[in-house]
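Reminder, nothing fancy here: chain letters follow the sequence lines and each chain counts from 1.
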Amino acid sequence: MNNFAIEVSGLRKSFKGQAALNGLDLNVPAGSISGFLGRNGAGKTTTIKILMGILKADAGSAFVFGLPITPGANLIDIHRRIGFVTEEKELYPTMTVEQIIRFTRPFFPKWRDDLEQRYMRMFDLPARKKIPDLSKGMRSKLMLLLAIARGAELLILDEPTDGLDPVAVEDVLREIVSLSAAEGITVFFSSHQLEEVEQIADRISIIDRGRCIVSGSLDDLKARYQRLNIVLREEPRSPVQWLDGAEYVRQEGRTVSILASRNVTALAEQARSLPGAQVEAYPVTLKEIFLDHVRGN
Amino acid sequence: MLFRVNHSSGVPLYVQLVEQVKHGIEMGAVRAGEQLPTIRKLAEDLVMNPNTVARAYRELESAGIIEVKHGAGAFVSQSIAGPTKVFRKAEGIVQAAIERLASFGLSDEEIRRLVENALAVLRAGISQENRNE
C-alpha cells in the first residue's frame with residue numbers, strides 16, 4: 001500500500017539553461033496538510049506545474065497516488081482526484097460565477113452539490129457577476145470552490161490565501177482543516193504566510209534553489225530545533241568551529257546566536273566551555289527555521 | 001473546557017494541547033469521566049491540523065489521562081484525580097514567586113520570558129549550576 005499522495009524524486013527542470021529544479025525530492029503523506037515553503041523563484045510553482053502535468057521535467061519522477069505524471073499521458077483519471085488552485089487564477093473571462101460552475105461540474109462525476117452550495121454561501125460569491133468583475137479575493141474563493149466541489153482527494157493549492165482579507169483567510173484555513181478532518185483529504189499548499197502554515201500544517205517542506213532543504217513533521221522539527229544565545233566575555237580572536245548541528249551561526253561582537261537542528265546539549269556544552277560564556281536556549285518558530293535556512297543556504 | 005494555543009511560541013502545538021488538558025484537570029475545569037471535544041470539532045474551533053489534535057489525544061491516552069472510545073469520543077479517565085494538594089501548593093509557590101518578581105519592577109512579559117527561558121534551558125539539558133564559568 002502506498003502512503004504517499006505525492007512522491008517526487010530527483011526532479012530537474014531548466015528554463016533557458018537556468019535551473020529551476022535541481023534534483024528535488026518531496027514526499028507528501030496521504031491525509032496530511034503539507035506546507036510548501038520557499039522564496040519567490042525557489043521552484044514552487046514549477047513543481048506544482050509539473051504535478052499538474054502542464055510542464056515536463058528534464059529528469060526525475062513525479063507520482064500522485066502512485067500514478068506517474070507525464071505530460072501527454074492520460075491524466076484525466078488522476079486529475080479527477082486532484083483539485084488545483086494556482087497562482088495565476090486564470091478563469092474564462094466571459095463567464096459568470098454560476099456559468100463556470102455549471103461548465104465545470106460535468107467533468108467530475110463525484111461533484112459535490114453540498115460543498116458547492118456551502119461554499120457559495122460561506123464565501124458570499126455573487127452568482128451572476130462576471131469573472132473579470134470579481135476582486136482578487138473573490139477569484140481565489142471561486143477557484144477554491146471549483147477545486148473542492150469536484151470531490152478531490154488531494155488539493156494542490158498555490159498560495160490559496162493570497163489577496164484575502166484576514167477574516168476570509170481564517171475561513172479558508174478553517175475549511176481546509178475541516179475537509180482534512182471530515183473527508184480525509186490531503187492538502188499540499190504553498191504560502192509565504194509562515195504563521196498560517198504553522199497554524200494548520202502538520203508537515204512542511206522548504207525548498208531553495210530547486211532543492212528540498214528541510215522536510216518533516218512540524219512538531220518534530222520544532223521539538224528538535226533550538227536557538228542558543230551565547231554571550232561571551234570577550235570577542236573571540238578567531239571564529240569558533242561549532243560542532244555538528246549548528247545550522248546557522250550569527251555573531252555580533254560578543255553575542256553569538258546559533259540555530260541548532262540537533263546535538264543541542266553538546267553545542268551548549270561547547271559554548272559553556274568558552275571563557276565567561278552565558279548560554280540561553282529558546283524554542284524556535286517556523287519563521288526562524290525558514291529564515292535561517294534560506295539565508296544560510 | 002476552553003482551549004487556546006499560541007501558534008508562534010515555538011512549543012509544538014500537540015504539546016500545548018496535552019499541557020492544557022492536564023492543566024484543565026488540575027484546575028478542575030474537566031473532571032473524571034467528562035467528555036473532551038471530538039478531534040474534528042477541536043481542529044475546526046482552533047483552526048489547527050486534525051492530525052496534531054489526534055497526536056495530542058494519543059499522547060494523553062497512552063499516559064492514561066484520557067480514554068478514547070471508538071465512535072463515542074474521548075473521556076477523561078475515571079481514575080484521574082482532580083486538583084491535587086501538590087498542585088495547590090505549586091500554585092502558591094508560583095504566585096509568591098511572581099509577586100516577588102513583580103515587586104522588583106519586572107513586567108509580566110519579562111517574568112514570562114524568565115520562566116520560559118528557565119524551562120527551555122532545562123529542556124536543552126543545560127543545568128543552571130554550570131551556566132557560569
Check ring-ring contact (aromatic ring centres under 6.0 Å, His included) between B/Tyr57 and all other residues, then give those that pass, not counting sequence neighbours.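 For B/Tyr57 there are no ring-ring contact (aromatic ring centres under 6.0 Å, His included) partners, ignoring immediate neighbours.
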For A/Ala223, is it the side chain, the backbone, both, or neither that has a heavy atom closer than 4.5 Å to a heavy atom of chain B?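 For A/Ala223, the contact with chain B is made by backbone and side chain together.
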Using non-hydrogen atoms and a 4.5 Å limit, figure out which bit of A/Ser217 sits close to chain B: side chain, backbone, both or neither.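 Side chain of A/Ser217 only, per the 4.5 Å heavy-atom cut-off to chain B.
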Just by distance, do the side chain of A/Asp219 and the backbone of B/Pro12 share a donor-acceptor pair under 3.5 Å?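 No: the side chain of A/Asp219 does not pair with the backbone of B/Pro12.
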When you measure from the side chain of B/Arg40 to the backbone N and O of A/Ala182, does any donor-acceptor pair fall under 3.5 Å?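 A pair under 3.5 Å: no.
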How long is the span from the [atom1] atom in [X] to the [atom2] atom in [Y], to the nearest 0.5 Å?
X        : Y       : atom1 : atom2 : value
A/Ser180 : B/Asn51 : OG    : CG    : 5.5 Å
A/Gln199 : B/Thr52 : CD    : OG1   : 11.0 Å
A/Asp220 : B/Tyr14 : CG    : OH    : 7.0 Å

Under 4.5 Å, counting heavy-atom pairs only, tell me which of B/Thr38, B/Val5, B/Asn49, B/Val53 racks up the most with chain A.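 Looking at each option in turn, the highest pair count goes to B/Asn49.
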In residues 60-75 of chain B, what donor-acceptor pairs under 3.5 Å come from side-chain atoms, sequence neighbours left out?
residue	atom	partner	partner atom	Å
B/Ser62	OG	B/Arg58	O	3.4
B/Ser62	OG	B/Glu59	O	3.2

Heavy atoms only: give me the nearest A/Arg174-B/Asp45 pair and the separation to one decimal.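 Looks like NH2-O, 4.1 Å.
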Measure B/Leu13 against the heavy atoms of chain A and call it side chain, backbone, both or neither at under 4.5 Å.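 Both the backbone and the side chain of B/Leu13 come within 4.5 Å of chain A.
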CG (B/Asp108) with more than 12 external heavy atoms under 6.0 Å: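 Not buried by this count: 12 neighbours or fewer within 6.0 Å.
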Are more than 12 heavy atoms, taken from residues, nucleotides or ligands other than B/Glu109, located less than 6.0 Å from that residue's CD atom?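 Count over threshold, so yes.
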I'd like to verify something: which residue of A/Leu221, A/Val177, A/Leu286 has the highest number of heavy-atom pairs under 4.5 Å with chain B?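 Between A/Leu221, A/Val177, A/Leu286, the count favours A/Val177.
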B/Pro50 vs A/Ile33 side-chain heavy atoms within contact, under 4.5 Å: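 Yes; the side chains approach each other to less than 4.5 Å.
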Using side-chain heavy atoms (C-beta onward) and a distance below 4.5 Å, is A/Ile200 in contact with B/Met48?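 Side chain of A/Ile200 against side chain of B/Met48, heavy atoms only: no contact under 4.5 Å found.
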Taking it one step at a time, do B/Val47 and A/Glu170 satisfy side chain to side chain contact (heavy atoms under 4.5 Å, CB included)? CA-CA 8 Å; B/Val47 190; A/Glu170 194 75 354; 3.4 Å; yes
